[in-house]
Amino acid sequence: MKKWRHIISIAAIAVSTLVLAACGKSSSASSTNNDGKTVVSMYMPGDKPKNYDEMIKTANKEIQKKYPKLALNMNFIGWGDYDKKYNVMVTSGDAYDIAFTRDYVTNAQKGAYADLTDLIQTDAKTAYDQTDPAYWKGVTVKDKIYAFPVNANIYAQNMLTFSDDFVNKYNLDIDGVNSYQDLEPILAKFHKANSSVAAFAIGQGYKVSSKAMEYPLGNGLPFAVDATGKNKKIVNIYNTAEMQKNLKTLHQYYLKGYIPQDAATSSVQYRLQDASWLVRQETQGSFDYGDTTLINAAGGKQMTSKPITAPLKSQAQSQIALWSVSKSSKHKKEAVQILGLLNSNKKLLNNIVWGLQNKQWQFTDEKNGKIKTTADYKPGYFIGAWMMGNNKLLYTQDTVTQAMIDKRDQEIKTAKQSVMLGFMPDTSAYKTELTNLSNVMSKYSDILNTGTADPVPTIKQMNQELKKAGYDKVQAALQKQYDDFLKA
């Protein structure tokens, strides 16, 4: 489950550097504990669980059944700060052991990560075999693997997710929603009745979705390709008729007050469980069993989602949740052993992503992995399954039937692959242009995607600046590589 609200907030570089310097020291200074065990440091975005001490104690007890001399230590960095601090870790050569990966392809091509290709086969083979092959295709860079993917929603769809409380209270008809345009009467009715709550809760970092487009350099840059293969040309996504139609719609919503007026600069987190939003954008796949995972993450708050994109095994989904090992790590083998267990050991994984047995959840049918949650199962007492380990190992609540599980497996098996899956462009020849293009997009991306700016004149101005920054050169290089990829 990927959440748009995981966005970057502006933090002082000096502060970030100081904090990360402390992180760097801890990753090496605490390599062994008083028991003589090797401590593997794991860095991830999010808040430290309130039951962390007991959670990590339980995790290490399970880890040490197979590796008696190993221990895991998790380090948490807030979502708003993680990208910036992670970048400092990578560029400074920090000797972290495991970290939740950002900018995977670029950093892998720069040599920032340890080559895990052979280690995975010797120290995480069971986990490797249990992971959908599409993931390995999506993370292989020049025949090498530099990260371990979380086996979860290899195919997914972007959704418009509604708070059932507000839908029911204001008698809103959401049955026919399958596009941004379908939101108009719903948002209008809600905003008129309750203008103090965000009708469409979006903010800085939000990206408008197209039905079936992939971004070879990530959606922070405008280069895009049709994932269905009908059109093989690398295009500027903002020049497509579909994107411009959607941006015009959001701009109208912004002018009418349906979207927060500070959306382009706001880092406000509209938490799932809060009554601060009517509709938001989420990403869901087969392991989410409809809205089940969202509802669990919100502590039981009811929601209903409507898909607005096509279900494809995509390059983007293959890299949603990756764990890399620093090239400077002193515990590469041990790090892969930990990753192997997180993706093959049911007991270890479930006591992290569901919380603690007999506290946050209890078995109702242990043989079949059926559980029920307790009153203590609430946000702040578990870590999201989508980012932690092999979702196929997760226990399921009684509300998840065997028919739902069978449907999940069949959908994964039959889902079509994006034609771009496995495409890893080499950007080394145009780094300067990419930096310049990124600078241009930093000016325009948020104001366009949040509906703040009128898209027609804004895109025209943006395109002029993109051209000066080297768009044509990069597009031509990408197109040649993509054509060669398709031939191969």
Side-chain angles (χ1 to χ4, degrees), residues 2-5 7 156-163 166-167 170 172-195 197-215 219-220 222 224 226-228 231 235-266 268 270 276-284 303-310 441 443-463:
K2 178 183 67 178
K3 297 180 173 59
W4 72 263
R5 69 180 184 279
I7 53 184
Q157 294 172 275
N158 282 347
M159 304 276 183
L160 292 174
T161 298
F162 294 85
S163 169
F166 286 134
V167 169
Y170 296 105
L172 304 174
D173 182 6
I174 64 173
D175 289 343
V177 173
N178 57 34
S179 70
Y180 295 112
Q181 288 71 34
D182 295 332
L183 289 174
E184 168 63 40
I186 300 165
L187 298 179
K189 184 175 181 180
F190 178 79
H191 184 68
K192 182 178 180 180
N194 192 346
S195 60
V197 172
F200 195 176
I202 61 178
Q204 188 181 42
Y206 175 78
K207 294 293 187 296
V208 172
S209 296
S210 297
K211 289 286 185 184
M213 299 294 282
E214 283 240 60
Y215 299 84
N219 63 9
D226 184 347
T228 68
N231 187 335
V235 300
N236 179 340
I237 188 67
Y238 293 96
N239 290 341
T240 64
E242 180 186 16
M243 177 59 89
Q244 291 196 3
K245 177 182 178 181
N246 288 337
L247 292 177
K248 289 175 183 177
T249 296
L250 263 66
H251 183 52
Q252 290 303 308
Y253 293 167
Y254 177 84
L255 293 177
K256 294 176 181 179
Y258 306 159
I259 293 171
Q261 296 300 287
D262 62 348
T265 58
S266 174
V268 172
Y270 295 96
S276 58
W277 56 276
L278 166 65
V279 63
R280 58 192 291 128
Q281 190 163 304
E282 294 287 340
T283 302
Q284 290 182 14
M303 289 167 274
T304 301
S305 299
K306 301 292 182 178
I308 57 173
T309 62
M441 293 311 301
K443 292 171 56 179
Y444 292 102
S445 182
D446 284 327
I447 61 173
L448 281 170
N449 282 277
T450 59
T452 304
D454 183 345
V456 175
T458 305
I459 290 173
K460 182 178 179 180
Q461 177 64 33
M462 179 185 72
N463 285 344

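The residues of the chain are indexed from 1 along the displayed sequence.
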Can you name the nearest heavy-atom pair linking [X] to [Y], along with the distance?
{"X": "L278", "Y": "A199", "result": "CB-O, 3.3 Å"}
{"X": "G257", "Y": "H191", "result": "O-CE1, 3.2 Å"}
{"X": "K207", "Y": "N219", "result": "CE-O, 3.2 Å"}
{"X": "D226", "Y": "M213", "result": "CA-SD, 3.8 Å"}
{"X": "V456", "Y": "K248", "result": "CG2-CE, 3.6 Å"}

### Message
Can a side-chain donor-acceptor contact be found between N463 and Y444 if the only test is distance below 3.5 angstrom?
### Response
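Judged by distance alone, the side chains do not pair up.
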### Message
Can you see whether Q204 engages D262 through a side-chain donor-acceptor pair at a distance of less than 3.5 angstrom?
### Response
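No - no donor-acceptor pair under 3.5 Å links their side chains.
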Are the side chains of [Y] and [X] in contact, using a 4.5 Å heavy-atom criterion?
{"X": "N236", "Y": "I459", "answer": "no"}
{"X": "F162", "Y": "I186", "answer": "yes"}
{"X": "T304", "Y": "V167", "answer": "no"}

Check whether [X] reaches the backbone of [Y] with its side chain - one donor and one acceptor, N or O, closer than 3.5 Å.
{"X": "E282", "Y": "S305", "value": "no"}
{"X": "D182", "Y": "S179", "value": "yes"}
{"X": "Q157", "Y": "T309", "value": "yes"}
{"X": "Y180", "Y": "S209", "value": "yes"}
{"X": "Q244", "Y": "Y238", "value": "yes"}
{"X": "N158", "Y": "T283", "value": "no"}
{"X": "Q261", "Y": "I259", "value": "yes"}
{"X": "T450", "Y": "D446", "value": "yes"}

### Task
Among Y170, Y253, F200, Y258, find the one that has a ring-ring contact (aromatic ring centres under 6.0 Å, His included) with F190.
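The single option meeting the ring-ring contact (aromatic ring centres under 6.0 Å, His included) with F190 is Y170.
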Drop me the distance from [X]'s [atom1] to [Y]'s [atom2], to the nearest 0.5 angstrom.
{"X": "H251", "Y": "T249", "atom1": "NE2", "atom2": "OG1", "value": "11.0 Å"}
{"X": "L160", "Y": "I308", "atom1": "CG", "atom2": "CD1", "value": "4.0 Å"}
{"X": "I237", "Y": "T240", "atom1": "CD1", "atom2": "OG1", "value": "4.0 Å"}
{"X": "Q461", "Y": "K443", "atom1": "CD", "atom2": "NZ", "value": "7.0 Å"}
{"X": "N194", "Y": "K189", "atom1": "CG", "atom2": "NZ", "value": "13.5 Å"}
{"X": "S210", "Y": "K245", "atom1": "OG", "atom2": "NZ", "value": "11.5 Å"}

### Message
Using the rule given for side-chain contact (heavy atoms from CB on, under 4.5 Å), can you reason through L250 versus V208, listing the C-alpha separation, both sets of side-chain angles and the distance that settles it, and then say yes or no?
### Response
CA-CA 9 Å; L250 263 66; V208 172; 3.7 Å; yes
### Message
Atom NZ of residue position K256 - does it have more than 12 heavy atoms of other residues, nucleotides or ligands inside 6.0 Å?
### Response
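Result for NZ/K256: enclosed.
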### Task
Tell me, with the steps shown, if T161 and Q284 meet side-chain contact (heavy atoms from CB on, under 4.5 Å).
CA-CA 10 Å; T161 298; Q284 290 182 14; 4.3 Å; yes
### Task
Could you walk me through whether V279 and I174 pass side-chain contact (heavy atoms from CB on, under 4.5 Å), step by step?
CA-CA 11 Å; V279 63; I174 64 173; over 6 Å; no
